[in-house]
Every structure is written in C-alpha cells, then in structure tokens.
Protein chains: 2
Amino acid sequence: MNLENINNYVPDPTVRRLSHYKFLLENMKKEGRLIVSSTLIAKELGFDSIQVKKDIQYSGIVGQPKKGYKISELLAGIDEILNWNKVEKAILIGAGSLGTALMQYNGFKEIGLNIVASFDNDHKKVGKFVNGIEIIEMDRLEVAAKIMKIKIGIIAVPEESAQSCADKLIGGGIKAIWNFSPKIIQVKKDIIVENAQFIQSLALLTYKIRVNKI
Amino acid sequence: MNLENINNYVPDPTVRRLSHYKFLLENMKKEGRLIVSSTLIAKELGFDSIQVKKDIQYSGIVGQPKKGYKISELLAGIDEILNWNKVEKAILIGAGSLGTALMQYNGFKEIGLNIVASFDNDHKKVGKFVNGIEIIEMDRLEVAAKIMKIKIGIIAVPEESAQSCADKLIGGGIKAIWNFSPKIIQVKKDIIVENAQFIQSLALLTYKIRVNKI
DNA sequence: TAGATTGTTAATCGATTAACAATC
DNA sequence: TAGATTGTTAATCGATTAACAATC
C-alpha cells in the first residue's frame, strides 16, 4: 500500500454509497435545506445510520452534536473524495445503442465527466453527432486521444472487440478505462479498469429471486 | 437467516464473479475445450486462483485433482446458482435512450431474461416496436403486469419519476425491481431491488484516478 | 513417480455493527 | 435540562487468503 495515499484510503463500498449521498444531498440543497443528520440520510436511502456516520468520517467533515452536518460541506467533501470537483475529458468507443445512451445522458457533466468524442467503425455513423458529440472513424482514435491528451476511455462495444478496443485506447495513452462490455479486459497493471457490466447486477437480482423463492 | 436457504447462501462478491465465469466458460466451450482448472480461469480473468476454487465450491461441482473441472458441469452449476436456467418475463419502464439500449441488447435472452413489453408516457413512442418489443401506454402498466403475471420490472426513467414507477410496478404485482435510475427507491421489504446505477461504478473509477494521481 | 491441482480447514484482513462518552 | 446526535474506540462478522493433506 502506498503510504502517501494511506490517509486517503476509502473502502470501495463507502465510495459506492457516497455517490448516493451526493444525489440525495443535491436534492435537499435544492429544497433549501442547510443541515442534515446521519439519521435522516440513512432513513432516506434505507441504509444504517451508523454506517452513514462512518462513511462521512472518511470525508473529514465534522458535524455538530444534536444538529448534524452542513450539506454544503458534505457535498464539497464527497466531491473531493470522488474527484468530482474537476472536469475530466473522456472518449467513448462504440456508437451503438448503449454508446448512444451514454452520449445522451447529461448527468455526467454535473460530476465532471466530459465525453468529447466517440469512435465507431461503421461508416454510416461516422460524421454524425449525438447530443453534440461527434462520431469519428475508429482509425483516428489513437492519434486523436494523444492530441487531446485524454485519460479516460469508455468501452461500449460487443464482447468480441472489447480487448482490441482496450489495446487501442492504451495505445492512445489512456490511463483509465470504464468498461461496459461483459468481457474482462487484460491490461498492464498501471491502467485502471472499472467494469460497469450490468450483467453482474442482473446476476445478483436473479440469484436473490431464486433464494427468496419468488 | 432462513435455515431452508442456508445451504444455498452465496456471498454477493461470489455471485458477481460467477457471472464472469459464465461468459468465459461459454467461450471456452465454443472453442471445444472440455476441462478447465481454477488456475486457468484465474489467469484469464485476472482473479486469484484460490478465490476461483472457493467460488466454485459454492456450486457444489467437484473436480478432479491434477485435471480440473468439467466445463459443462460448471456451467450447469453456475446457471443453477444464478437462476439462469429458467426463463423469467420482465417489463421495462422508460423507452428513452437507456431503455432502448436495454431492449436492443439480445444477451438477456441467453440467460433467461425475456423483456416482453415496455411502457412510456410519450404518445409519440406508444405503439412502436423496438427489437420486437412493443412500447405501451403507461396507464396500462398495472393491468398488463397483472394479466401477464410479470415478476420483474426494469426502471429506466429519470430520477424524478423512479419512485412513482416503482409504486406502479408494485401495484401491478411485481416482486423484483432492476433499477437503472440514480434514485434509491423505497419499497416494502418483501420486494427485491437491485440497483444497476452506473454512477456508482463511475464513482469508483474517478476515486481511483484521484488516489493514483493519474 | 513427480508435480499440479483439488478439497478443506485455519488464519488473516477489513468492513460493518455496537457501545458509549462528549456535546449542544 | 433532557435528549438527540456526533465522534471514536471496541467487538463482531464475513470474505479473502494461506496452508496443507489427498489425489490422479
């Protein structure tokens, strides 16, 4: 473990929950609320209040006994941990239905993820724009990624081409890959890979259906 | 904990990994391979071989020392655990870009999830078909769900309407919800909810980018 | 046989949960 | 004040990892 980062370590389950606190707190802020207790967050999200308190500890934000935490401070703390207070450019591979859905989703900008271009090898799609994002020929990926100094690549292609896409992204200097294909990709260990496969999530759902005899 | 199910208990992280073994093993089967060792599975997926061995134990499948496990037996065991050997009907709410992507994806049928209809309150979309799936008026959801005896509902609508969609699904007799909206929905405790929010996954990616100073 | 792999039990690690004093 | 909530330390729980005999 890297000693320099030891104080920044946050468990993965906590990171996942923090993303939910973010959305809840943004809504509360919009409604004009200023202070929130761990009890209320827990109640709204169906979590345990002790767990919420523990999660908040990682942000370093301190609250006031009897009152709770300042929502603005909590939001700033969460954005800091999740790195959502900086804008990061990303490119997307695969302008199929899933890729299109990702381009259409406007929520990414709010948390600092800016999809600047997409790539596809279907010539019918090349040159078109989806939600302001151009679809570019696949062959130009590596050069474009290098010129734009992109660090994040998003893979939204079928299983068969996921590995070759990952190789191209890495060839283009990408450091982090968000993989939506069901394929586990092989990369050098200095490349960060996060799998967003919803098949994993479906496996949990169908497993629970069986166990609960529904 | 339910004693009747105690022998069927499988940890969530194992369930997630099993879904990956499934895809890897299906590919190996296609290539004509009959036997596989935990070492090879681990190597292909970047997992630990001891962990793979442990995961396989949950399926009850026994292997042969020195040789490994029969791929066909492993696949049957995984399908059994994940409940992927039965066909389950599901309905989808929200025929936007994400809903469309889900309807276009043909991989669900292979694991027994059959999306039989989708619902949307946009009259321009109602009556159209996406990949053979009809888009039906929202008002007809509850009655349709009851008639078709649907147990699984998929939510692919914006955050604001996620809760009301969940209520409608439950009103229609649905027992399990696969939620793609960033909203944590409130349900009675006998309803199974699985969240497929990719924002959670993005949080992990951007967190790792910060910690690794990429 | 030798060596790789399985099967199983034990040790370790880390996240969750509990407990409780301090605080406003 | 009384009581709810924070902050922090300890206990528990469960998943991962290690160890090793059994096996072909």
Side-chain angles (χ1 to χ4, degrees), chain A residues 1-2 5-21 25 28 33-71 73-74 77 81 200 203-204 207-208 211, chain B residues 1-2 5-21 25 28 33-71 73-74 77 81 200 203-204 207-208 211:
Chain A
M1 196 170 287
N2 190 336
N5 292 323
I6 195 89
N7 290 321
N8 284 323
Y9 173 76
V10 180
D12 284 5
T14 295
V15 169
R16 286 199 194 89
R17 285 189 297 267
L18 287 174
S19 71
H20 290 296
Y21 302 166
L25 294 170
M28 287 178 167
R33 184 181 267 275
L34 297 173
I35 304 279
V36 71
S37 71
S38 57
T39 323
L40 183 60
I41 294 176
K43 187 172 160 268
E44 289 290 323
L45 298 181
F47 296 158
D48 185 80
S49 72
I50 298 162
Q51 192 169 56
V52 172
K53 213 164 48 163
K54 196 86 180 171
D55 287 342
I56 289 173
Q57 276 197 323
Y58 287 103
S59 73
I61 301 300
V62 291
Q64 279 190 299
K66 190 172 174 178
K67 298 174 106 184
Y69 306 87
K70 283 189 186 162
I71 289 178
E73 288 184 4
L74 276 186
I81 289 178
Q200 270 185 26
L204 279 167
Y207 161 74
K208 286 175 193 161
V211 171
Chain B
M1 192 171 289
N2 189 338
N5 291 322
I6 194 90
N7 291 320
N8 284 324
Y9 173 76
V10 179
D12 284 4
T14 295
V15 170
R16 286 198 194 91
R17 285 190 297 268
L18 287 174
S19 72
H20 290 296
Y21 301 166
L25 295 171
M28 286 178 167
R33 184 181 267 277
L34 297 174
I35 304 279
V36 70
S37 70
S38 57
T39 323
L40 182 61
I41 294 175
K43 187 172 160 267
E44 290 290 322
L45 298 180
F47 295 159
D48 185 81
S49 71
I50 297 163
Q51 193 169 55
V52 172
K53 212 164 50 165
K54 197 84 179 171
D55 287 342
I56 289 173
Q57 275 198 323
Y58 286 103
S59 72
I61 300 301
V62 292
Q64 277 190 299
K66 192 173 173 177
K67 296 174 109 184
Y69 305 87
K70 282 191 189 163
I71 289 179
E73 288 184 3
L74 277 185
I81 289 177
Q200 269 185 26
L204 279 168
Y207 161 74
K208 286 176 193 160
V211 171

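Labels below follow one simple rule: chain letters A, B, ... track the order of the sequence lines, proteins then strands, and each chain is numbered from 1.
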| message | What verdict does the side-chain contact (heavy atoms from CB on, under 4.5 Å) test give for Y21(B) and L45(B), after you've listed the backbone C-alpha separation in whole Å, the side-chain angles of each residue and the deciding distance to 0.1 Å? | response | CA-CA 8 Å; Y21(B) 301 166; L45(B) 298 180; 3.4 Å; yes
| Would T14(A) and I81(A) satisfy side-chain contact (heavy atoms from CB on, under 4.5 Å), going step by step from the backbone distance to the final call? | CA-CA 11 Å; T14(A) 295; I81(A) 289 178; over 6 Å; no
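As a whole-Å value, the separation of I50(A) CD1 from dT9(D) P is 16 Å. Rounded to whole Å, the distance from CD on Q57(B) to P on dT16(D) is 13 Å. Rounding to whole angstrom units, NZ of residue K54(B) and C1' of dA10(C) are separated by 10 Å. Rounded to whole angstrom, the span from the NZ atom of K67(A) across to the C1' atom of dC24(C) amounts to 8 Å. Atom C1' of nucleotide dT5(D) and atom CD1 of I61(A) are separated by 17 Å, given to the nearest angstrom. Rounded to whole Å, the distance from CG on L18(B) to C1' on dA15(D) is 14 Å. Residue I41(A) contributes atom CD1, which lies 13 Å from atom C1' of dT5(D) at whole-angstrom precision. Distance NZ (K53(B)) to P (dT9(C)): 13 Å, rounded to an integer number of Å.
Residue S38(A) places none of its side-chain N or O atoms closer than 4.0 Å to OP1 or OP2 of dT5(D). Residue R17(A) places at least one side-chain N or O closer than 4.0 Å to OP1 or OP2 of dT16(C). Contact check, Q51(B) against dT16(D): a side-chain N or O comes under 4.0 Å of OP1 or OP2. For dG7(D), neither phosphate oxygen OP1 nor OP2 lies less than 4.0 angstrom from any side-chain nitrogen or oxygen of Y58(A).
Pair assignment for dA21(D) gives dT6(C), based on Watson-Crick or G-U wobble hydrogen-bonding distances that are each under 3.5 Å. In this structure, dT16(C) forms a base pair with dA11(D), meeting either the Watson-Crick or the G-U wobble geometry with both donor-acceptor distances under 3.5 Å.
Taking NZ of K43(B) as the reference point, atom OG1 of T39(B) lies at 10.5 Å (rounded to 0.5 Å). Between I41(B) atom CD1 and M28(B) atom CE the span is 6.5 Å, to the nearest 0.5 Å.
For K66(B), the listed nucleotide lying nearest its side chain is dA4(C); candidates were dA4(C), dG7(D), dT17(D). Looking at the side chain of Y69(A), the nearest of the listed nucleotides dA4(D), dG7(D), dA4(C) is dG7(D).
The heavy-atom pair separating S37(A) from K67(A) by the smallest distance is CB-O, 4.0 Å.
Sequence order on DNA chain C of the closest nucleotides to D12(A) and S37(B) puts S37(B) first from the 5' end.
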